[in-house]
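The block underneath contains the structure these notes are about, expressed in structure tokens.
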Amino acid sequence: YLGQYLLANVFTTSILHKPSPALCHKGDAMPLEMNKPFSWKKALEGADDNALAGTAMLNDLQGNILKSHGRMHSVNMFLAFDPDRREQALTFIRQIGREVTSSMHQLITTDLFKAGQTNSGPYIGFFLTSKGYDVLRKEEAKPEDDAFRQGMDGRPLGDPNRERWDPTFTRNIHALLILAADNEERQKELHKIYQNRINDTDAAVEEIGWEIGSPQLNDDGNPLEHFGYVDGRSQPLALVEDIEREKNENGGIGKWDPSIPLNQLLVRCPGGQSDLSFGSYFVFRKLEQNVKGFKEAEKELGHTLGDIDERAGASVVGRFENGTPVAKFDDEQPVKVRGNAGVLNNFNYTGDEDGLKCPFAAHIRKTNPRSDEKNSKSMLMARRGVTYGNRTDGPNDDNMDTKPTTNVGLLFMAYQSSIENQFEATQTRANKPIFNEHHTGIDPVIGVAVIENAGLTKDDQNKQIYPKIWGKELSKPTEFFGFVKMKGGEYFFAPSISFLRSI
Ligand code: HEM
């Protein structure tokens with residue numbers, strides 16, 4: 001299975017690798033336009049210099065950054081290298097470099113897969129931490145972002161102390177290997193193959209822990225996070241083809257245009273072999289969800305606001321469970337499944353400037369204020385998270401007794417070009433009780449009560465203001481938070497493939 005994949009990978013890499021040498025050698029001018037979305041199909045046609053540069057970029061860029069790999073089962077293997085056996089570790093990484101999924105391979109095989117022509121095979125991704133670059137003594141190849149160099153621990157995010165994180169994350173992580181397949185058996189098979197390979201390194205490489213991710217789908221076929229809400233719908237899009245699909249098939253982009261420039265996700269890979277070698281900063285956070293606590297608090301909030309049921313939760317998230325935005329509707333609307341708009345994303349907060357429909361604190365309004373803020377798009381990341389943990393009930397079941405309180409949650413993952421301006425700025429805003437001079441309270445899903453605010457009483461500052469009567473009347477400050485617990489994480493960089501192959 002892996003063999004077939006590798007053959008296909010080599011095939012697409014060699015067939016499609018057609019950059020002219022002048023475009024590819026380090027030090028030459030870079031003709032690729034980074035400040036706008038990018039058309040990979042035009043790049044394939046090879047019409048002009050920008051297109052040729054585009055194919056070179058895609059061949060050297062890891063997959064999953066510009067578009068989600070979409071595999072249902074994944075394992076995240078956290079690795080450490082022995083500094084005294086650096087050469088063996090480097091050999092191990094060079095081999096992985098020949099196996100990681102390139103963006104070009106991913107885009108082509110996904111297209112073929114959709115056309116029913118072939119199995120899209122596994123997705124393989126490889127990432128390094130700042131400490132990883134240090135242990136491998138690759139200082140000159142290390143990306144510059146200050147937050148990346150410092151690591152997640154100790155950044156001002158309101159996280160619990162590292163001693164309280166899960167054991168894997170209390171160790172020094174040097175690398176992350178992600179293996180994903182479309183069924184569980186294949187994912188396990190892949191995990192075994194790479195564990196054997198690690199065993200063969202004579203302890204030069206150690207697997208210090210792993211996390212398994214697998215999505216859960218609702219009846220509409222959309223992925224749900226554990227609190228029972230559709231997740232992963234709203235994404236910034238850097239590929240022209242994805243923007244076109246959003247415009248023509250998924251509800252339009254007139255009210256919310258998700259397009260972003262390439263340079264919001266990509267930065268130069270300092271260790272890459274050409275001017276067209278790019279990488280992306282990757283944030284990983286294990287976030288445990290107390291589902292029972294959240295669901296009980298949701299019911300209580302409904303009573304406090306006046307015997308409303310589903311709208312209480314929708315006010316916390318900003319969308320009803322099936323994804324209907326509460327800024328637009330006061331009740332869940334049916335989501336038509338295939339061949340049309342699906343979960344609505346073409347909306348903004350115009351007409352709701354006082355937060356009378358969607359609270360300012362609602363998770364999706366805090367993390368993407370859309371029309372509330374100029375340039376709000378610049379903070380957006382490519383979110384690639386997946387749920388973890390097994391549960392006996394369905395996320396949309398009503399029975400409170402069977403709802404889990406621990407051991408389930410979200411493996412939050414996101415790509416970006418600046419950790420400080422994107423992930424950290426978003427989490428910081430989630431933790432802030434004030435937004436655009438409104439008292440909003442902290443984000444009820446991910447907010448942590450850390451920042452004191454002079455204008456508000458200590459008691460009130462973290463509480464949220466909710467619509468009591470939708471569109472008409474606001475509630476008193478009401479407390480809702482504390483159901484997501486950070487269990488560990490780290491900042492990574494997804495380097496270019498040419499760097500991994502030549503390391
Ligand atoms: C959107 C849940 C953590 C940033 C969403 C949505 C849900 C959700 C249900 C709506 C679906 C969508 O619009 O795509 C959760 C849960 C989390 C979590 C349960 C933790 C367990 C985070 C974190 C961040 C974040 C840590 C960043 C710091 C976002 C963003 C959106 C979003 C940017 C899209 C908003 C939009 O564009 O409208 N999340 N999330 N989420 N979340 Fe989270």
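These numbers come from the heavy atoms of this one structure, side chains and all, not from hydrogens, waters or symmetry mates. Everything quoted here is computed from the prediction, not taken from an experiment. One-based numbering, in listed order, for ligands and for the atoms of each.
Ring to ring, Phe148 and Tyr491 are not that close: their centroids are 6.0 angstrom or more apart. Two rings, from Tyr349 and Phe360, have their centers 6.0 Å or more apart. Within the 6.0 Å centre-distance limit, the rings of Phe284 and Phe78 are counted as a close aromatic pair.
The ligand atoms of ligand 1 that sit less than 4.0 angstrom from a heavy atom of Tyr229 are 9 (C). For ligand 1, the atoms closer than 4.0 angstrom to any heavy atom of Ile446 are 3 (C), 17 (C), 18 (C), 20 (C), 22 (C), 23 (C), 24 (C), 26 (C), 28 (C). Atom numbering of ligand 1 starts at 1 in the shown order; those under 4.0 Å from a heavy atom of Phe423 are 28 (C). Atom numbering of ligand 1 starts at 1 in the shown order; those under 4.0 Å from a heavy atom of Arg370 are 36 (C), 37 (O), 38 (O). Close contacts between ligand 1 and Val230 involve ligand atoms 9 (C), 10 (C), 11 (C) [criterion: under 4.0 Å to a heavy atom]. Distances below 4.0 Å separate heavy atoms of Val317 from the following atoms of ligand 1: 9 (C).
Taking the ring centre of Phe347 as origin, the terminal cationic atom of Arg370 falls inside the region bounded by 6.0 Å and 45° from the ring axis.
The two residues Leu157 and Val448 have their closest heavy-atom pair at O-CG2, 4.4 Å. Contact record, Pro369 with Ser376: CD-CB, 4.1 Å, taken as the closest heavy-atom pair.
The closest side-chain heavy-atom distance from Met413 to Asn76 is below 4.5 Å.
Side chain of Ser417 to backbone of Gln264: a donor-acceptor contact under 3.5 angstrom is found.
Under the 3.5 Å distance criterion, with hydrogens and angles disregarded, a donor-acceptor pair is assigned to the side chains of Ser39 and Glu241. Side-chain polar atoms of Gln150 and Arg155 form a donor-acceptor pair below 3.5 angstrom. Side-chain atoms of Lys67 and Thr110 include no donor-acceptor pair closer than 3.5 Å.
Of the protein's non-hydrogen atoms, the one nearest atom 19 (C) of ligand 1 is Glu225 OE1, 3.3 Å. From the protein, the heavy atom lying nearest to atom 27 (C) of ligand 1 is Phe412 CZ, 3.6 Å. Scanning all protein heavy atoms for the shortest distance to atom 16 (C) of ligand 1 gives Val445 CG1, 3.7 Å. Scanning all protein heavy atoms for the shortest distance to atom 17 (C) of ligand 1 gives Leu410 CD2, 3.6 Å.
Contacts with ligand 1 closer than 4.0 Å are made by heavy atoms of both the backbone and the side chain of Arg233. Proximity of Arg319 to ligand 1, defined as any heavy-atom pair under 4.0 Å, is confined to the side chain (atoms from C-beta onward). Counting heavy atoms closer than 4.0 Å to ligand 1, residue Asn345 contributes nothing at all.
The option from Arg429, Glu424, Arg383 that lies nearest to atom 1 (C) of ligand 1, judged by heavy atoms, is Arg383. The residue among Thr426, Thr367, Asp231 with a heavy atom at the shortest distance from atom 5 (C) of ligand 1 is Asp231.
Looking at His363, its N, O or S atom nearest to atom 43 (Fe) of ligand 1 turns out to be NE2.
Any N or O atom pair closer than 3.5 Å counts here, and Ser234 shares at least one such pair with ligand 1. Considering backbone and side-chain N/O of Asn368, one or more are found under 3.5 Å from N/O of ligand 1.
Heavy atoms of Met379 come nearer than 4.0 angstrom to ligand 1 in no pair at all. Under a 4.0 angstrom heavy-atom cut-off, Gly232 registers as being in contact with ligand 1.
Salt bridge present: Asp166 and Lys286 bring a charged side-chain N and a carboxylate O closer than 4.0 Å.
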